[in-house]
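A quick write-up on the structure given underneath.
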Amino acid sequence: MSASIAWRAGLRARVPPSRPSSLFPRRYPGAARYASESAPVQQAAAETVKQSAKEVPKKAARGSRKILYGTTLAVTLLVGYIYGTDTRASIHRYLVVPLIRQLFPDAEDAHHVGVDSLKFLYQYGLHPRERGNPDNDGALTTEVFGYTLANPIGISAGLDKHADIPDALLDLGPAIVEVGGTTPLPQDGNPKPRVFRVPSQNAMINRYGLNSKGADHMAAVLKQRVRDFAYAAGLGEHELAEQRVLDGEANVPPGSLVPGKLLAVQVAKNKLTPDGDIDAITRDYVYCVDRVARYADIVVVNVSSPNTPGLRDLQAAGPLTKILTGVVSAAKNVERKTKPYVMVKVSPDEDSEEQMSGICEAVWKSGVDGVIVGNTTNRRPAALPEGYTLSSKEQQTMKETGGYSGPQLFGRLVSLVGRYRHMLDQGPPSGEVTSTGPDGEEVAVHPASQPRKVLFASGGITTGQQARQVLDAGASVAMMYTGIVYGGVGTVTRVKQELREEMQKK
């Protein structure tokens, strides 16, 4: 302790005592010795203080403006994002659709731009989607194939030919999305131009001819989609994780991967497969089923496209029964706990009693689960409203070869749905139904013991009132295609809201 005191005392002794500042002011370079010398310095200092005082609010103002501009920009971007990605936004119907039509006179180019845009936007979460979960009220809930669907609205095949955007389409609000059709081998379809608009009628004529990248390509796309889902769900990214999703361990349908929704995949034959070789044609369909059915909730057999020569001839009872039997058998062999359901898409032009009876016979004999009525038509319906005269350009367009689609098909659609509902409910005309037994043998069963055949309606549906009409006629789902082309990405949301209002009138 004494050593410490002595060390501090010695330290203080070595430090010279400070002098009072009042008596001995410190000198520093440039300091004034007299008052007359200090005046300019004091004036300069005062000016500096004044200038600084002026600069402070200026800097503060500039900082405030930057914050204000930044905040305004951020809020604008946020509001624009929320509005622009909401299917209820009128911009999609009244600005985007006319703009695309103006920028891309060729309808197929517009189609590609629409698909590519949705695909790109979906990757970054900027795609339109239905907000607020309007289906949560349960008003539109329906039962299809044992699934409880959020609503009875679907999107038909043709919008997404190669399964590029099934998830983006599901986010638009439908309970069912149909992709395809796909053929066994890639094919280009018919020469261009092959898609034409009839704007005054909100209608289209197309002769795509089932352009497809092939079943192997679609299977690879859908497989990767399931793998990505499995990884995101924490199940891994290997084949076992994929199988776990397909077997229902993720508690979602194996096709749509979304509760309350289903994915349908349409299959067809190649154009070059001989029309008269039913065995070869059946192999085409089975090949597609073997590749893509694993990733589908519903397999749709397309025998009704008007743009593939000879395809509609397959709707005769004999050929159709053989094809559908092969497809049903292949679907039952899919390596998955729950098997995909099988539907057949039929033409609205085969509407005689004999033709429809033959189709129903094939449906019952083959064990197909349901029918989609219908497809595009080779007929050219009268313009709407009654008495309206098409422009010379549209009159020329109406002469183009291909399938016609648009609101003009709706009247016949309601009639066909009612007739198919009645025929299918009566059972097969022959009164005989066979089913595959446990050992693979065909056994006779009573029609009444079989599940009721499901009907989907497709053709000219553009409003909620029309959707209700086809549902009342016996359909379980109302599907749209051309209505979305002209109405934009908010069409499904609008139709569902109109359907809710129709249901409340009951």
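For the single chain, residues carry numbers from 1 onward in sequence order.
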**OP:** Find out whether Val371 and Met343 are in side-chain contact, i.e. whether some heavy atom of one side chain is under 4.5 Å from a heavy atom of the other.
**Re:** no
**OP:** List the atom of Pro184, the atom of Asn270, and the distance in Å for their closest heavy-atom pair.
**Re:** CD-OD1, 3.3 Å
**OP:** State, with a plain yes or no, whether a side-chain heavy atom of Phe196 is found less than 4.5 Å away from one of Asn206.
**Re:** no
**OP:** Say whether Glu242 and Tyr295, considering side chains only, have a donor N or O and an acceptor N or O under 3.5 Å apart.
**Re:** yes
**OP:** Give a yes or no on whether the backbone of Thr462 and the side-chain of Gln466 come within a donor-acceptor separation of less than 3.5 Å.
**Re:** yes
**OP:** State, with a plain yes or no, whether a side-chain heavy atom of Asp171 is found less than 4.5 Å away from one of Pro128.
**Re:** no
Original post:
Looking only at side chains, do Arg131 and Thr85 share a donor and an acceptor under 3.5 Å apart?
Top reply: yes
**OP:** Under the side-chain hydrogen bond (donor to acceptor under 3.5 Å, both in side chains) rule, collect the residues that match up with Lys322, sequence neighbours excluded.
**Re:** Asp279
Original post:
Would you find a donor on one side and an acceptor on the other, under 3.5 Å apart, between the side chain of Thr397 and the backbone of Lys393?
Top reply: yes
Original post:
Can Glu237 and Arg227 be counted as an ion pair, charged N to O under 4.0 angstrom?
Top reply: no
Subject >> Donor + acceptor pair across side chains of Lys271, Asn190 (<3.5 Å) >> reply: yes
Subject >> Ala296 versus Pro340, closest heavy-atom pair with distance >> reply: O-CB, 3.5 Å
Original post:
In Å and rounded to the nearest 0.5 Å, what is the CD1 to CZ distance from Ile165 to Phe120?
Top reply: 14.5 Å
Original post:
Rounded to the nearest 0.5 Å, how far does CG of Leu103 lie from CG of Leu99?
Top reply: 4.5 Å
Original post:
Is any NZ, NE, NH1 or NH2 atom of the basic residue among Arg197 and Glu394 found under 4.0 Å from an Asp or Glu carboxylate oxygen of the other?
Top reply: no
**OP:** Scan Leu320, Val368, Thr321 and name whichever one has a side-chain contact (heavy atoms from CB on, under 4.5 Å) with Val363.
**Re:** Val368
**OP:** Keeping the roles fixed (side chain from Tyr285, backbone from Asn302), state whether a donor-acceptor pair exists under 3.5 Å.
**Re:** yes
**OP:** Could you tell me whether the side chains of Ser347 and Ser304 share a donor-acceptor contact shorter than 3.5 Å?
**Re:** no
**OP:** Can you spot which of Asp216, Thr282, Thr183 makes a side chain to side chain donor-acceptor pair (under 3.5 Å) with Tyr287?
**Re:** Asp216
**OP:** Take Tyr420 and Val346 through the side chain to side chain contact (heavy atoms under 4.5 Å, CB included) test and state the conclusion after the steps.
**Re:** CA-CA 11 Å; Tyr420 269 109; Val346 298; 3.7 Å; yes
Original post:
Taking atom CD of Glu335 as the centre, does the number of heavy atoms from other residues, nucleotides or ligands within less than 6.0 Å exceed 12?
Top reply: no
Subject >> Given Arg129, Arg225, Lys119, the one that forms salt bridge (Lys or Arg N to Asp or Glu O under 4.0 Å) with Asp167 >> reply: Arg225
Original post:
Is there a side-chain contact between Ile176 and Met479 (heavy atoms, below 4.5 Å)?
Top reply: yes
Original post:
Do we see a donor-acceptor contact under 3.5 Å between the side chains of Ser458 and Ser156?
Top reply: yes
Original post:
Any luck finding a side-chain donor-acceptor pair between Ser366 and Thr325 under 3.5 Å?
Top reply: no
Subject >> Test item: side-chain donor near acceptor, Glu350 and Gln315, under 3.5 Å >> reply: yes
Subject >> Candidate pair Glu143 and Thr148, rule side-chain hydrogen bond (donor to acceptor under 3.5 Å, both in side chains), full reasoning >> reply: CA-CA 5 Å; Glu143 295 288 329; Thr148 300; 2.6 Å; yes
Subject >> Minimum heavy-atom distance between Ala457 and Val470, given as atom pair plus value >> reply: CB-CB, 3.9 Å
**OP:** For the residue pair Lys339 and Asn333, establish whether any side-chain heavy-atom pair is separated by less than 4.5 Å.
**Re:** no
Subject >> Flag for Tyr231-His238: side-chain donor and acceptor within less than 3.5 Å >> reply: no
Subject >> Residues Glu130 and Thr493: side-chain donor-acceptor under 3.5 angstrom >> reply: yes
Subject >> Charged N-O contact under 4.0 Å between Glu498 and Arg468 >> reply: no
Original post:
Mind checking what makes side-chain hydrogen bond (donor to acceptor under 3.5 Å, both in side chains) contact with Asp425, not counting sequence neighbours?
Top reply: Arg421, Arg452
Subject >> Tyr81 atom OH, neighbour heavy-atom count above 12 within 6.0 Å >> reply: yes
Subject >> Side-chain donor-acceptor pair present, Ser391, Gln395, cut-off under 3.5 Å >> reply: no
Original post:
Is atom OH of Tyr124 surrounded by more than 12 heavy atoms (other residues, nucleotides or ligands) closer than 6.0 Å?
Top reply: no
Original post:
Between Val485 and Met204, does a side chain to side chain contact (heavy atoms under 4.5 Å, CB included) hold up when you go through it step by step?
Top reply: CA-CA 9 Å; Val485 172; Met204 299 181 68; 3.8 Å; yes
Subject >> More than 12 heavy atoms from other groups under 6.0 Å of CG on Asp188 >> reply: no
**OP:** May I ask you to say whether Lys261 pairs ionically with Asp297, meaning some side-chain N is under 4.0 Å from a carboxylate O?
**Re:** no
Original post:
Is there a side-chain contact between Leu159 and Ile484, using heavy atoms and a 4.5 Å cut-off?
Top reply: yes
Original post:
To the nearest 0.5 Å, how far apart are CH2 in Trp364 and NZ in Lys453?
Top reply: 5.0 Å
Original post:
Between Phe145 and Phe456, what is the ring plane arrangement, given parallel below 30°, perpendicular above 60°, and tilted in between?
Top reply: tilted
Original post:
Side chains of Val303 and Val301: closer than 4.5 Å at any heavy-atom pair?
Top reply: yes
Original post:
Is the shortest side-chain N to carboxylate O distance from Arg500 to Asp135 below 4.0 Å?
Top reply: yes
Subject >> Side-chain ion pair, Asp106 and Arg194, N-O less than 4.0 Å >> reply: no
Subject >> Stepwise side-chain hydrogen bond (donor to acceptor under 3.5 Å, both in side chains) test for Glu502 and Gln465 >> reply: CA-CA 6 Å; Glu502 288 292 322; Gln465 183 182 32; 4.6 Å; no
Original post:
Near Lys223 NZ, under 6.0 Å, is it more than 12 heavy atoms from other residues, nucleotides or ligands?
Top reply: yes
Subject >> Between Asp351 and Gln355, a side-chain donor and acceptor under 3.5 Å >> reply: no
Original post:
Under the side chain to side chain contact (heavy atoms under 4.5 Å, CB included) criterion, do Met218 and Arg291 qualify, and how do the steps go?
Top reply: CA-CA 8 Å; Met218 181 173 284; Arg291 298 310 186 274; over 6 Å; no
Subject >> Gln224 atom CD, over 12 foreign heavy atoms within 6.0 Å >> reply: yes
Subject >> Those residues that, when tested against Arg88, pass side-chain hydrogen bond (donor to acceptor under 3.5 Å, both in side chains) (two or more places apart) >> reply: Asp86
Original post:
Is there side-chain contact between Ile372 and Val344, with at least one heavy-atom pair below 4.5 Å?
Top reply: no
Original post:
Can you check side chain to side chain contact (heavy atoms under 4.5 Å, CB included) on Leu314 and Ile281, steps first, answer last?
Top reply: CA-CA 9 Å; Leu314 302 179; Ile281 292 172; 3.8 Å; yes
Subject >> Test: Arg379 and Asp349 ion pair at under 4.0 Å >> reply: yes
